[in-house]
Amino acid sequence: MSDNSTTTVGKPISCKAMVARAAKQPLTQENITVGTPKAGEVRVKVIANALCHTDIYTLDGYDPEGLFPCILGHEAGCVVESVGEGVTSVAPGDHVIPCYTPQCCEWSCIFCQSPKTNLCPKIRSTQGKGVMPDGTSRFTDKDGKPIYHFMGCSTMSEYTVLAEISCAKINKKMALDRACLFGCGVSTGLGAVWNTCKVEVNSSVAVFGLGAVGLAVIQGAKMAGASRIIAVDVNPKKFVAAVALGATDTVDSSKLDKPVQQHIAGTLTEWGVDYSFDCTGNTEVMRAALECSHRGWGTSCVIGVAASGHEISTRPFQLVTGRVWKGSAFGGFKSRRDVPNLVQKSLDGDLPIEHFVTHEFDGVEKTNDAIEALHGGECLRAVVKY
Ligand code: NAD
Ligand code: AHE
Ligand code: ZN
């Protein structure tokens with residue numbers, strides 16, 4: 001792709017994008033038009049995008065909010081191309097990570113002002129409808145028909161438009177094909193441990209699902225000083241990375257002759273673990289995670305995203321006897337404030353992330369190959385450089 005940033009300001013941009021036309025169909029490579037950023041919006045050139053399981057879940061038609069045709073993708077590293085009226089926090093040339101959980105920082109936003117949550121709702125309703133805050137799309141196909149946005153990011157396109165409040169400005173020293181990881185999975189796993197559960201030194205932890213999110217949970221738990229980290233998956237190939245990051249025990253739950261919660265609370269430990277995390281999106285696993293947590297004080301955190309129509313259940317007795325069921329979105333990080341700090345921590349050598357990148361591709365048109373790699377069972381993050 002040629003760098004035409006000096007000539008594009010104020011004009012629509014024609015570029016390549018991978019469009020999700022319908023559920024369970026491969027993405028189609030299309031030339032689309034990306035409109036100019038309106039007030040409070042930022043147009044960015046996407047440099048690299050990593051695939052998250054949530055993109056595939058949506059492409060497979062499991063997201064109740066899923067809309068087609070849309071441009072998926074929400075884990076990216078980008079350079080600002082131009083900004084709309086009133087944008088002051090970023091400027092052309094800045095490096096940004098799009099954040100599907102925005103942070104408006106307004107005094108009137110009780111969510112942004114509260115230390116208890118990162119869930120700024122300022123643009124959540126339009127984001128869920130696949131449009132920008134003014135209710136329209138910035139993407140049109142070759143016939144002039146609109147294409148929906150996704151999670152306020154839509155980074156499977158060479159250019160995209162974001163709300164200013166979704167842009168985390170980061171240190172330019174960080175390579176964007178690694179910075180992208182902080183746009184979702186890695187930040188989510190770390191933050192679920194540090195912010196949502198506040199895991200303490202010497203805690204015991206069980207992690208269900210060892211994709212990038214589960215491995216980031218293990219990495220975060222180790223950094224928090226957990227002394228026992230039980231890694232659970234149905235794919236034993238995932239155990240190598242889990243142990244390298246600090247898992248003390250591995251469990252292939254598909255090979256047990258009893259429910260995994262009874263194996264963890266009963267065999268591996270007497271009363272269960274202090275903290276457990278679901279990183280699968282499977283509601284039976286969420287139940288097992290809750291039920292393997294410690295009588296009296298165990299906390300279980302749902303991170304995985306369940307398919308439309310699936311619900312969680314357990315005996316209320318599990319809660320009566322002291323277990324707490326929690327959930328975490330984007331690891332509880334206030335995006336524009338915290339993502340730049342995660343990037344800096346990584347630049348300082350205190351937060352290694354290289355191990356998450358198992359596959360790399362060149363060109364947005366290779367995104368279907370990246371999806372195939374993700375289905376292969378050995379992929380953590382496939383990074384596509386545009
Ligand atoms: P992934 O597909 O790479 O990893 C999932 C792992 O779970 C795989 O290793 C798989 O083998 C394992 N698994 C599947 N079934 C299992 C079972 N029954 N028991 C144990 N392990 C099982 O996915 P990912 O990108 O790491 O994402 C994990 C989940 O987190 C997904 O549901 C994703 O949508 C969700 N997610 C949530 C947030 C959030 O903010 N809450 C952010 C990112 C991702
Ligand atoms: N749209 C779905 C829910 C999808 C969902 O829960 N998304 C997670 C992020 S997954 C990132 O890979 C999340 O943070 N949700 C909070 C939010 O505001 O969307 C549904 O069930 O409707
Ligand atoms: Zn994600």
Side-chain angles (χ1 to χ4, degrees), residues 49-58 60 62-67 72-76 98-102 111 117-125 127-130 150-153 155 180-192 195-196 206-218 231-239 241-242 250-256 259-261 277-289 301-311 326-333 335 356 358 373-382:
N49 180 65
L51 289 187
C52 171
H53 181 101
T54 308
D55 295 309
I56 311 309
Y57 145 99
T58 306
D60 284 344
Y62 297 134
D63 184 353
E65 288 185 309
L67 295 165
L72 297 166
H74 64 284
E75 235 184 72
C99 296
Y100 66 85
T101 302
F111 294 84
T117 187
N118 61 337
L119 290 173
C120 171
K122 181 88 180 177
I123 56 172
R124 182 62 184 84
S125 61
Q127 197 165 297
K129 293 187 179 84
F150 173 66
M151 290 176 75
C153 297
T155 49
C180 59
L181 301 177
F182 289 111
C184 185
V186 172
S187 302
T188 296
L190 296 171
N195 306 322
T196 312
V207 185
F208 292 77
L210 307 174
V213 175
L215 292 175
V217 167
I218 292 177
V232 184
D233 206 296
V234 290
N235 177 356
K237 286 179 186 158
K238 298 292 177 89
F239 296 149
T250 57
V251 176
D252 180 346
S253 50
S254 70
K255 296 284 186 295
L256 296 173
V260 61
Q261 53 268 54
F277 297 86
D278 165 72
C279 311
T280 70
N282 176 320
T283 51
E284 286 306 313
V285 175
M286 293 175 190
R287 177 179 192 149
C301 182
V302 173
I303 304 177
V305 172
S308 181
H310 289 218
E311 295 184 343
K326 288 190 168 193
S328 186
F330 197 52
F333 284 119
S335 58
F356 290 108
T358 53
L374 201 66
H375 283 304
E378 292 188 52
C379 178
L380 295 175
R381 280 298 186 258

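Note that ligands are numbered from 1 as they come in the structure, with each ligand's atoms numbered from 1 the same way.
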Heavy-atom nearest pair, Cys184 first then Cys52, reads SG-SG, 4.0 Å
among protein heavy atoms, the one nearest atom 33 (C) of ligand 1 is Thr54 OG1, 3.5 Å
Nearest heavy-atom approach of Phe330 to Ser335 is CE2-CB, 3.9 Å
Heavy-atom proximity to atom 41 (N) of ligand 1, picking from Ser328, Gly281, Ala289, Pro236, points to Ser328
For atom 10 (C) of ligand 1, the closest protein heavy atom turns out to be Asp233 OD1, 3.5 Å
shortest atom 18 (O) of ligand 2-to-protein heavy-atom contact is with Arg124 NE, 2.7 Å
More than 12 foreign heavy atoms under 6.0 Å from OH of Tyr57: is that the case here? yes
With the threshold set at under 4.0 angstrom, would you say His74 reaches ligand 2 through any of its heavy atoms? yes
Cys184 heavy atoms within 4.0 Å reach ligand 2 at atoms 11 (C), 12 (O)
For a 4.5 angstrom cut-off between non-hydrogen side-chain atoms, does Asp55 reach His74? yes
**Asked** Would you say ligand 1 has an N or O under 3.5 Å from any N or O of Ile303?
**Response** yes
Counting from 1 in the order shown, the ligand 2 atoms closer than 4.0 Å to a non-hydrogen atom of Tyr100 are 9 (C), 11 (C), 14 (O)
Any side-chain heavy atom of Val305 within less than 4.5 Å of one from Tyr62? no
Note: ligand 1 atoms sitting under 4.0 Å from heavy atoms of Thr188 are 38 (C), 39 (C), 40 (O), 42 (C)
Counting from 1 in the order shown, the ligand 1 atoms closer than 4.0 Å to a non-hydrogen atom of Val285 are 17 (C), 18 (N), 19 (N)
Atoms of ligand 2 under 4.0 Å from any heavy atom of Cys52, numbered from 1 in the order shown, are 12 (O)
the protein heavy atom lying closest to atom 12 (O) of ligand 2 turns out to be Thr54 OG1, 2.5 Å
Ranked by distance from atom 7 (O) of ligand 1, the top protein heavy atom is Gly209 CA, 3.3 Å
Non-hydrogen atom of Met151 closer than 4.0 Å to ligand 2: yes
Contact region, Arg381 to ligand 1, non-hydrogen atoms below 4.0 Å, reads side chain
For Pro64, the ligand 2 atoms with a heavy-atom partner under 4.0 Å come out as 20 (C), 21 (O), 22 (O)
Judged by heavy atoms only, the candidate from Val305, Thr280, Leu210 nearest atom 6 (C) of ligand 1 is Leu210
Can you tell me if an N/O/S atom from His74 lies under 2.8 Å from the Zn ion (ligand 3)?
yes
inquiry  = Main chain of Thr358, side chain of Arg381: is a donor-acceptor contact present, judged purely on distance under 3.5 Å?
reply    = no
Atom 40 (O) of ligand 1 sits nearest the protein heavy atom Phe330 N, 2.9 Å
Atoms of ligand 1 under 4.0 Å from any heavy atom of Ala329, numbered from 1 in the order shown, are 40 (O)
If we ignore hydrogens and angles and just use 3.5 Å, is the side chain of Gln261 paired with the main-chain N or O of Arg287 as donor and acceptor? no
Of all protein heavy atoms, the one nearest atom 43 (C) of ligand 1 is Cys184 SG, 3.3 Å
Among Thr58, Val251, Val234, closest by heavy atom to atom 14 (C) of ligand 1 is Val234
For Ala212, the atoms of ligand 1 under 4.0 Å from one of its heavy atoms are 26 (O)
When Val234, Val260, Asp233, Asn235 are each screened for side-chain contact (heavy atoms from CB on, under 4.5 Å) with Ser254, the one that passes is Val234
Nearest non-hydrogen protein atom to atom 6 (O) of ligand 2, with distance, is Val305 CG2, 3.6 Å
Q. Are Asn282 and Phe208 side-chain neighbours, meaning at least one heavy-atom pair lies under 4.5 Å?
A. no
Closest non-hydrogen contact found for Ala373 with Cys379 is O-CB, 3.3 Å
If you scan protein heavy atoms around atom 30 (O) of ligand 1, the nearest is Gly304 CA, 3.6 Å
Taken to the nearest 0.5 Å, the spacing of Leu380 CG from Leu51 CG works out to 12.5 Å
What one should report as the nearest heavy-atom pair of Leu67 and Gly130 is CD1-N, 3.9 Å
protein heavy-atom neighbour closest to atom 14 (O) of ligand 2 works out as Ala329 CB, 3.2 Å
- Message: Under a plain distance cut-off of 3.5 Å, with no hydrogens placed, do Asn118 and Thr101 share a side-chain donor-acceptor pair?
- Response: no
Note: Cys279, heavy atoms under 4.0 Å from ligand 1, region reported as backbone
Check whether any side-chain heavy atom of Thr54 sits under 4.5 Å from a side-chain heavy atom of Asp63, and report yes or no. no
protein heavy-atom neighbour closest to atom 31 (C) of ligand 1 works out as His53 CD2, 3.7 Å
The answer for which part of Tyr100 has a heavy atom under 4.0 Å from ligand 1 is side chain
Nearest non-hydrogen protein atom to atom 3 (O) of ligand 1, with distance, is Gly211 CA, 3.6 Å
Return a yes/no value for Gly214: is any of its N or O atoms, backbone included, closer than 3.5 angstrom to an N or O of ligand 1?
no
(Q) Could you check whether any side-chain N or O of Glu378 sits under 3.5 Å from a backbone N or O of Lys237, counting only pairs where one atom can act as donor and the other as acceptor? (A) no
With side-chain contact (heavy atoms from CB on, under 4.5 Å) as the criterion, how do His375 and Ile56 come out once you've worked through the C-alpha distance, each side chain's angles and the decisive distance to 0.1 Å?
CA-CA 9 Å; His375 283 304; Ile56 311 309; 3.5 Å; yes
So the angle subtended at the Zn ion (ligand 3) by Cys184 atom SG and Cys52 atom SG, rounded to 10 degrees, is 130°
Got an N/O contact under 3.5 Å between Asp63 and ligand 2? yes
